[in-house]
Structure formats: structure tokens, C-alpha cells
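Heads up, the thing below is written out as C-alpha cells.
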Amino acid sequence: MKIRPGITIPLLSATLLAMLMAVALAPAETPAKVTKVMGTPISAITVEVYSDFQCPKCKALHETWMGPLIKDYVRTGRVYLIQHEFPLPQHAYARTAACYACAADRVGKYGEVCDILFKKQVEWEKDGKVDETACSVLTAAEAAKVRVLAKDPAILAQVQKDVELGAQARVNSTPTVIVSYKGRHYPVDVMASYSSFTRFLDSLH
Amino acid sequence: MRRYVVVLLRLLLGVVFVYAACAKLRDPWTLFAMSIDSYRLLPEWGVVTLARTLPWFELLLGLALISGLALRYASAAGAALLGAFFIIMIISYARGLAIDCGCFGPGEALGPKTLLRDGTLVILAITLAVMSMRPRLSV
């Protein structure tokens, strides 16, 4: 290739300058908030998770799969994630916990409240202190708002809608994970390893 | 009489194997790999190998049983395969693993119902294998 210094050098300089400016002006990478619904609906794959805050296997799933799934697939636009509340009737405080999580979603703290509810599951399921546990990760103002919202009929209806969606999807245990791709729905075995799950997701692309 | 029982058993088991194979083959093999992995018995390479080959083996076995080709071998292989599945399922259930059976695709929990079904199939497969092995009675 013949190099023409008169044109090539200014062109290269301009390109380099533009690249440097783009890097400098790009916003610092801050992790997006974890919400009930994450990602873009146009993603080819939708992952729906039905879970119960009082269920030990849901805790295990949350602590092993959810973080890497959000980081590797949701934030990269490959997966549209929907987290449904599915409080089981035999769990005395599960519905209250679900209401607090949904209320926290309204103040942008869904991820934080989910994390603490699962982390301290063994404690609050004994003493029923869902409010104290959920609000421990919120500011005073947020906690006041969440306490009101958690009893709001709209939030109660939101949880009930999730339960009804689960019933329609034939969810009968928690956690249930359903992967949808090109109109097909695949219930996946959550007892498999995360690497098995990602191999399955990767095979869908 | 024995002949009819053999035909009935091989058709029944053959259809079961073909159905089980088709239920797995219509989905990506990686989904069946998740079911195998959930039993926590095999290393990664074993999970992949089994997920890729087992449905095809089930299909061949089912077709062999339906057609009656190499019946002795097919019935023995069928009994051995179902027996192995049954033992693994019993062990996993006893270990308290709340997993999918994986027998006919995803979404079917391992439990008393699946154990009863698979136990019945094992008995039928052993019966077929024994009947196929016995020399034919001369008339």
C-alpha cells in the first residue's frame, strides 16, 4: 500500500484524537441498579425467575447465579431478566418480604433489599422481622417510603399478579427459572451448575 | 401366548424409548446437559458426552425394539439402561436432591411418581430381556 504522508498523517491524528476524546468523555462505568425487570425487551433471550424469599434454594440461586447472570448476560444486553415474586403459602413471612422487595423497587433499592433478605433469611424467618431486615439497607427517608408502599394495595396487587403469572406458567415450586427464546419456553433445572446454565444460554444464540 | 407378550413388551418399551429420545432431541442438547448435571454424579466431560449421545442411543434402542431387530441385545441393553437410570434416581431421591427427572425432557420433578413409573419400566424391560433370552420352545 502506498502511503501519502500529506493526507494519511492528519487523518490518523484526527482519528486518534477522536478516539481519545470518546474515551475521556465516556461516563465512568458504574453498575446499573438491580431492579425487578432488567435489560432490554428486544434481547433474544428472556429469563424469568420465580422465587420466594423464605425458600432456601431461592437463597442459593440468588447467591450463586443472579450476580454473574446480571453481570455477564443482562448488562451486556444478551438477556432480558424478569424477577417474579412467588411467595409460597406455607412460608409465613414470604409475602410480606415480597411486598417489601417490590416497594424497594419503587425507590431503586430492589437489589439491595433482595440481597439482605436472602442473606439474613435464617434470622428473619424465625422472628418475622422482615421490616427491620429490609429497611436496614435503606436510608431513613427510603425506609419511611418503603414501609408505606409495602402496605399499598398497588404493591399487594403487583405481588399477586406475579403469583398468578407463575400459576399460568405452571410454576409449582421455587425457585423456577424459565428461559424463553424464539417463542419457546424452557424450564431449566436450577440444581445444575451455573456453568451448565451459561452453556445452555450460549447455545441459544 | 409368550410371543404376544414379547411383541407387546417390545412395542411398549420401544415407543417409550423413542418418545424419551424425541423429547430430548427437540430441545438443545445443553438443556438435557443441565438435567444430567443436576444429578451431580458426572464430571463436565461426562455430562457433555452423555447429553450428546444418550438421546440418539435411546432412539436407536427404541427403533430396534419396535422392529424386533437384534432383540436379545436390544432388550438386554434396554433393561440395563433403565436399571441404571432407576438406581441413579433412587440414590438421588434418597440424597434429597430436588431435581428434574430428565427422563422425558425438562420440567418433571424427581419424586415417587417418576420412581414408580421407572420401576415399572425396569420390571417390564427385565421381563422382556429374560423372555428374549430363553430358547424358543420347539413345537
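Here is how names work: the chains are called A, B, and so on, in the same order as the sequence lines, proteins then strands, and each is numbered from 1. Note: hydrogens, waters and symmetry copies are ignored here, and every other heavy atom, side chains too, is used.
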The interface call for A:Leu204 against chain B, heavy-atom contacts under 4.5 Å, is side chain
Turns out that what part of A:Arg170 lies under 4.5 Å from chain B's heavy atoms comes down to neither
side-chain hydrogen bond (donor to acceptor under 3.5 Å, both in side chains) contacts in which one or both residues fall within residues 172-181 of chain A, not counting sequence neighbours: A:Ser180-A:His185
Taking every heavy atom of B:Arg26 against every heavy atom of A:Arg184, the minimum-distance pair comes out as O-NH1, 3.0 Å
Of the non-hydrogen atoms in B:Met34 and A:Ser196, which two are nearest, and what is the gap between them? CG-O, 3.7 Å
Between B:Leu97, B:Val47, B:Ile99, who has the most heavy-atom pairs with chain A when the cutoff is under 4.5 Å? B:Ile99
Please walk me through it: do A:Ser193 and B:Arg40 pass side chain to side chain contact (heavy atoms under 4.5 Å, CB included)? CA-CA 9 Å; A:Ser193 62; B:Arg40 299 174 189 176; over 6 Å; no
Minimal non-hydrogen separation, A:Pro187 against B:Leu31, with atom names: O-CD1, 4.1 Å
A quick test of your reading: do over 12 heavy atoms of other residues, nucleotides or ligands sit less than 6.0 Å from CZ of B:Arg3? no
What I want to check is whether the side chains of A:Asp189 and B:Ser35 have a donor and an acceptor closer together than 3.5 Å. no
Take A:Met191 and B:Asp37 through the side chain to side chain contact (heavy atoms under 4.5 Å, CB included) test and state the conclusion after the steps. CA-CA 8 Å; A:Met191 296 304 285; B:Asp37 188 34; over 6 Å; no
Validation row: A:Phe200, B:Pro28 side chains within 4.5 angstrom (heavy atoms): yes
Please determine whether the number of non-hydrogen atoms from other residues, nucleotides or ligands lying under 6.0 Å from atom OH of B:Tyr19 exceeds 12. no
Toward chain A, the part of B:Ala109 with a non-hydrogen atom under 4.5 Å: neither
